[in-house]
Amino acid sequence: MSEQEDKPQQDINQIIEKRRAKLAALRLAGNAFPNDFRRNDLASDLHKKYDEQSNDILEANPIIVRVAGRMMLKRIMGKASFATIQDMSGHIQLYVTNDITGESTYATFKHYDLGDILGAQGTLFITRTGELSVRVTSLRLLTKSLRPLPEKFHGLTDREQKYRQRYLDLIANEDTRKVFVARSKIIQSIRDFFVTRGYLEVETPMMHPIPGGAAARPFATHHNALDMDLYLRIAPELYLKRLVVGGMEKVFEINRSFRNEGISIRHNPEFTMLEFYEAYQDHTYLMDLTETMLREIAVKILGTTKISYQGHEIDLAYPFLRLSINKAIQKFQPEYTDVQLNDRTFLINKLRSLNIIHKPEEGIGGLQLYLFSETTEHLLIDPIFIIDYPTDVSPLARRNDNNPEITDRFELYIAGREIANGFSELNDPEDQAVRFLEQAHAKEAGDTEATHYDADYIRALEHGLPPTAGEGIGIDRLVMLLTDSPSIRDVILFPQLRQEN
RNA sequence: GGGUCGUUAGCUCAGCUGGUAGAGCAGCGGACUUUUAAUCCGUUGGUCGGGAGUUCGAUCCUCCCACGGCCUACCA
């Protein structure tokens with residue numbers, strides 16, 4: 001690769017130009033991108049071990065360390081300088097001097113730029129102001145940075161740039177790093193939670209010939225060799241239940257699903273979902289399990305069951321309320337009476353006054369659900385399970401034994417948002433076939449989110465799905481909740497944005 | 001998709017009623033051997049998101065476009 005080739009077409013900023021000249025000089029002097037420096041020490045480990053150590057002891061028994069990282073701050077003071085480097089664990093200060101580090105190394109160091117990746121060896125000491133530092137004996141530039149860092153005090157605040165150039169956001173903003181470390185820990189603790197309980201983690205296809213398992217518009221793609229249309233999955237549900245048919249009685253999957261719908265503060269086209277299924281259990285078991293899991297994760301991540309989300313103080317420690325849609329509306333909107341909420345005409349008029357469009361043949365339960373979504377959902381700050389969802393809007397859920405109009409289903413709301421959706425699975429293949437047909441008719445009638453008839457799934461159910469409970473949890477939203485992030489984009493490393501330019 | 005607010009130096013931001021742009025950080029030069037957003041002195045850097053219009057004159061007013069934030073709709 002020649003240097004001419006990788007020059008950008010646009011005007012080169014003079015800072016970049018200057019740095020390119022430095023890189024050119026490095027190339028002439030030898031290997032500009034060496035990979036023979038081995039780090040022995042992480043910043044945070046050194047702080048943990050030696051922050052409390054007295055300087056006398058450190059000076060008496062010199063501890064030789066090798067650290068590496070990106071230079072974030074540089075303070076040149078004549079013949080001695082301080083530099084702060086940042087590695088994956090944190091920061092450590094280097095003390096670079098004319099006499100100890102050597103005149104030529106020191107002179108070279110003075111021309112290093114903020115953002116350069118350095119490797120240093122030296123001994124630990126504690127400065128007059130009490131900061132553990134490395135008295136550098138040897139110092140090398142491992143990677144030249146050609147572009148200037150964001151401003152050192154304010155960091156990077158431009159939201160577009162944070163999302164597009166996440167690497168810069170991660171370099172400059174510790175808060176961002178913390179969020180994504182927390183995300184990783186949350187997912188790990190979910191994994192631990194299920195594996196500990198005897199669940200098997202599986203991966204099912206993300207490319208589906210028939211999209212199913214949710215009401216949503218899919219992304220479409222095409223396989224050339226098979227000459228076959230495929231859809232990015234909108235949910236893993238139907239495959240996971242096939243696995244339960246196959247004898248994997250406790251399974252879970254944590255991975256991406258895709259929905260071709262609007263983008264907002266709560267929606268990214270690809271999002272991470274946990275789904276888990278357990279045979280010989282029902283939805284009430286799932287609610288108990290969910291409470292236990294959320295408490296456990298919160299304690300692991302935050303050290304407490306108390307979470308603070310966008311000004312709301314929420315404690316997961318108490319048993320979560322469980323209310324039907326109807327009861328929840330009455331509790332949070334006392335102006336509505338039980339009689340009104342069961343009066344079809346009242347509901348239709350109310351929805352019309354709220355400008356809510358619904359299917360003309362919608363049943364009482366469906367109308368209540370519309371009213372609930374509009375008036376009550378956002379008020380559900382403390383954790384609450386909403387139960388007894390209408391069968392019409394739950395094509396994969398088991399009918400309630402006493403009332404076939406509702407299903408054994410719940411959704412969990414926290415901070416006004418749906419966090420989880422679970423139910424006792426519909427394992428009657430003939431009922432499922434009828435429900436699929438209803439969906440197929442709705443699709444023909446123009447409902448773009450209605451699901452397809454999945455004949456293989458019916459065939460699987462005909463082999464016998466044991467009575468099973470299954471649940472899905474939106475991981476991104478859970479991470480938002482636990483990291484106090486206002487937007488889903490703050491918890492997804494590279495959220496979907498419009499094309500640049 | 002609809003509404004609304006925004007886009008000024010590499011970054012963080014000022015910029016009055018329309019008179020062609022400033023600061024801090026970063027950079028460059030200088031002083032400084034325990035600083036930590038180091039400090040002090042000097043200094044480079046701009047197609048004011050793009051295009052069109054109004055005007056003697058536009059960063060500023062109008063329109064169109066691009067991108068982004070927020071609200072809203074569908075959804076998890």
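Chain letters run A, B, ... following the sequence lines, proteins first, then strands; residues in each count from 1. These numbers come from the heavy atoms of this one structure, side chains and all, not from hydrogens, waters or symmetry mates.
- Across all strands shown, G45(B) forms no Watson-Crick or G-U wobble pair with both key distances under 3.5 Å.
- Residue-level contact check: Lys22(A) touches the backbone only, with heavy atoms under 4.0 Å from sugar-phosphate atoms and none from bases.
- Following rounding to the nearest Å, Leu146(A) (CG) and A26(B) (C1') show an atom-to-atom distance of 15 Å.
- Residue Asp99(A) places a side-chain atom within donor-acceptor reach of the base of U33(B), judged by atom type and a 3.5 Å distance cut-off alone.
- When the P atom is compared between G22(B) and C40(B), the two are found 22 Å apart, to the nearest whole Å.
- The only option from Ile76(A), Thr137(A), Thr101(A) that meets the side-chain contact (heavy atoms from CB on, under 4.5 Å) definition with Val96(A) turns out to be Thr101(A).
- Legend: residues meeting salt bridge (Lys or Arg N to Asp or Glu O under 4.0 Å) with Glu275(A), ordered by chain and number and at least two apart, are absent.
- In a base pair of the Watson-Crick type (N1 to N3 plus N6-O4 or O6-N4) or a G-U wobble (N1-O2 and O6-N3), with each distance short of 3.5 Å, G10(B) is matched with C25(B).
- Put simply, CE on Met71(A) is 15 Å from C1' on U35(B), counting in whole angstrom units.
- Side-chain N/O atoms of Lys152(A) include none lying less than 4.0 angstrom from OP1 or OP2 on A37(B).
- The Asp113(A) side chain lies nearest to C28(B) when the options are U33(B), C28(B), U35(B).
- Residue side chain Thr97(A) does not reach the base of U33(B) through any donor-acceptor N/O pair under 3.5 Å, judged by distance alone.
- With U12(B), C70(B), C25(B) as the choices, the nucleotide that has an atom nearest any side-chain atom of Arg489(A) turns out to be C70(B).
- Remark: the separation of the C1' atoms in G6(B) and C13(B) is 14 Å, to the nearest Å.
- Separating the NZ atom of Lys74(A) from the P atom of A38(B) is a distance of 12 Å, rounded to the nearest angstrom.
- Ile263(A) has its CD1 atom 14 Å from the C1' atom of A73(B), to the nearest Å.
- With no hydrogens or angles considered, no side-chain donor-acceptor pair links Asp56(A) and Ser54(A) at under 3.5 Å.
- Using a 4.0 Å heavy-atom criterion, one finds that Ile473(A) contacts no nucleic acid atom at all.
- In this structure, Tyr163(A) reaches the sugar-phosphate backbone alone: every heavy-atom distance under 4.0 Å involves primed, P, OP1 or OP2 atoms, never a base.
- A salt bridge does not link Lys350(A) with Glu374(A): none of the charged nitrogens is closer than 4.0 Å to a carboxylate oxygen.
- Geometric assessment of Lys443(A) against the ring of Tyr453(A) yields a negative cation-pi assignment under the 6.0 Å and 45° thresholds.
- Taking 4.5 Å as the limit, every side-chain heavy atom of Phe423(A) sits out of range of all side-chain heavy atoms of Arg398(A).
- Ring centroid separation for the pair Phe252(A) and Phe276(A) does not come in under the 6.0 Å cut-off.
- Base orientation of U33(B): anti, the glycosidic angle falling outside 90° of 0.
- Both Phe82(A) and Gly262(A) sit near RNA chain B, but only Phe82(A) has its closest nucleotide nearer the 5' end.
- Protein atom CD of Glu151(A) is 13 Å distant from nucleotide atom P of A14(B), rounded to whole Å.
- Pairing partner, G68(B): C5(B), with both Watson-Crick or wobble hydrogen-bond distances short of 3.5 Å.
- To the nearest whole angstrom, the two C1' atoms, one in G15(B) and one in A23(B), are 11 Å apart.
- Within the 4.0 angstrom heavy-atom criterion, base atoms lie near Arg75(A).
- Remark: Arg498(A) is in phosphate contact with G68(B), judged by side-chain N or O atoms under 4.0 Å from OP1 or OP2.
- One can place NE2 of His91(A) at 16 Å from C1' of U35(B), the figure rounded to the nearest angstrom.
- Glu418(A) comes within contact range of the sugar-phosphate backbone alone, with a heavy-atom separation under 4.0 Å but no base atom that close.
- The neighbour count for His378(A) NE2, taken as heavy atoms of other residues, nucleotides or ligands under 6.0 Å away, is above 12.
- At a threshold of 4.0 angstrom between heavy atoms, the contacts of Ile265(A) are confined to the sugar-phosphate backbone, with no base atom among them.
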List, with names and distances, any nitrogen or oxygen atoms from the protein found under 3.5 Å away from nitrogen or oxygen atoms belonging to nucleotides 42-44 of chain B.
| from | atom 1 | to | atom 2 | distance (Å) |
| --- | --- | --- | --- | --- |
| U44(B) | O2 | Gln14(A) | NE2 | 2.5 |

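- One side chain, Glu411(A) or Tyr413(A), offers a donor N or O that lies under 3.5 Å from an acceptor on the other.
- Note on Leu94(A): nothing from the nucleic acid sits closer than 4.0 angstrom, heavy atoms only.
- Across all strands shown, the partner of C63(B) is G51(B), judged by Watson-Crick or G-U wobble contacts whose two distances both fall under 3.5 Å.
- In this structure, of C25(B), A73(B), G68(B), it is A73(B) that holds the atom nearest to the side chain of Glu374(A).
- Listed pair Thr157(A) / U12(B) meets the phosphate criterion, a side-chain N or O lying under 4.0 Å from OP1 or OP2.
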N/O-N/O pairs, protein side and nucleotides 3-6 of chain B side, under 3.5 Å:
none

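- If you check every strand for non-hydrogen atoms under 4.0 Å, Gly155(A) touches sugar and phosphate atoms only.
- Side-chain atoms of Arg128(A) and base atoms of U34(B) include no donor and acceptor less than 3.5 Å apart.
- Separation of the P atoms belonging to G57(B) and G19(B) is 14 Å when rounded to the nearest angstrom.
- Gly474(A) comes within 4.0 angstrom of nothing in the nucleic acid, heavy atoms only.
- Look at Gln161(A) and you won't find any side-chain N or O under 4.0 angstrom from OP1 or OP2 of G68(B).
- As judged by a 4.0 angstrom heavy-atom cut-off over every strand, Met77(A) is placed among the base-contacting residues.
- Atom CD of residue Glu377(A) and atom CD1 of residue Ile329(A) lie 11.0 Å apart, to the nearest 0.5 angstrom.
- Atom CD1 of Ile171(A) and atom C1' of C11(B) are 13 Å apart (whole Å).
- In this model, no donor atom of one side chain and acceptor atom of the other lie less than 3.5 Å apart for Thr376(A) and Gln333(A).
- Between Phe125(A) atom CZ and U33(B) atom C1' the separation is 11 Å, expressed in whole Å.
- Across all strands shown, U39(B) pairs with A31(B); the Watson-Crick or G-U wobble distances both stay below 3.5 Å.
- Nucleic acid contact class of Lys18(A) (heavy atoms, under 4.0 Å, all strands): sugar-phosphate only.
- More than 12 non-hydrogen atoms from other residues, nucleotides or ligands lie less than 6.0 angstrom from CD1 of Ile263(A).
- Counting only heavy atoms from C-beta outward, the side chains of Arg183(A) and Ile492(A) approach each other to under 4.5 Å.
- If you check A58(B) for Watson-Crick or wobble pairing at under 3.5 angstrom, you find it has no partner at all.
- Contact annotation for Ile76(A): base contact, defined as any heavy-atom pair under 4.0 Å involving a base atom.
- Annotation: A73(B) and U54(B) have their C1' atoms spaced 38 Å apart (nearest Å).
- When heavy atoms are screened at a 4.0 angstrom cut-off, Asn268(A) is found touching base atoms of the nucleic acid.
- No side-chain donor-acceptor contact under 3.5 Å links Asn421(A) and Glu471(A).
- Within the 4.0 angstrom heavy-atom criterion, only backbone atoms of the sugar-phosphate kind lie near Arg159(A); the bases stay farther away.
- For Gln93(A) against U35(B), a side-chain-to-base donor-acceptor contact under 3.5 Å is present.
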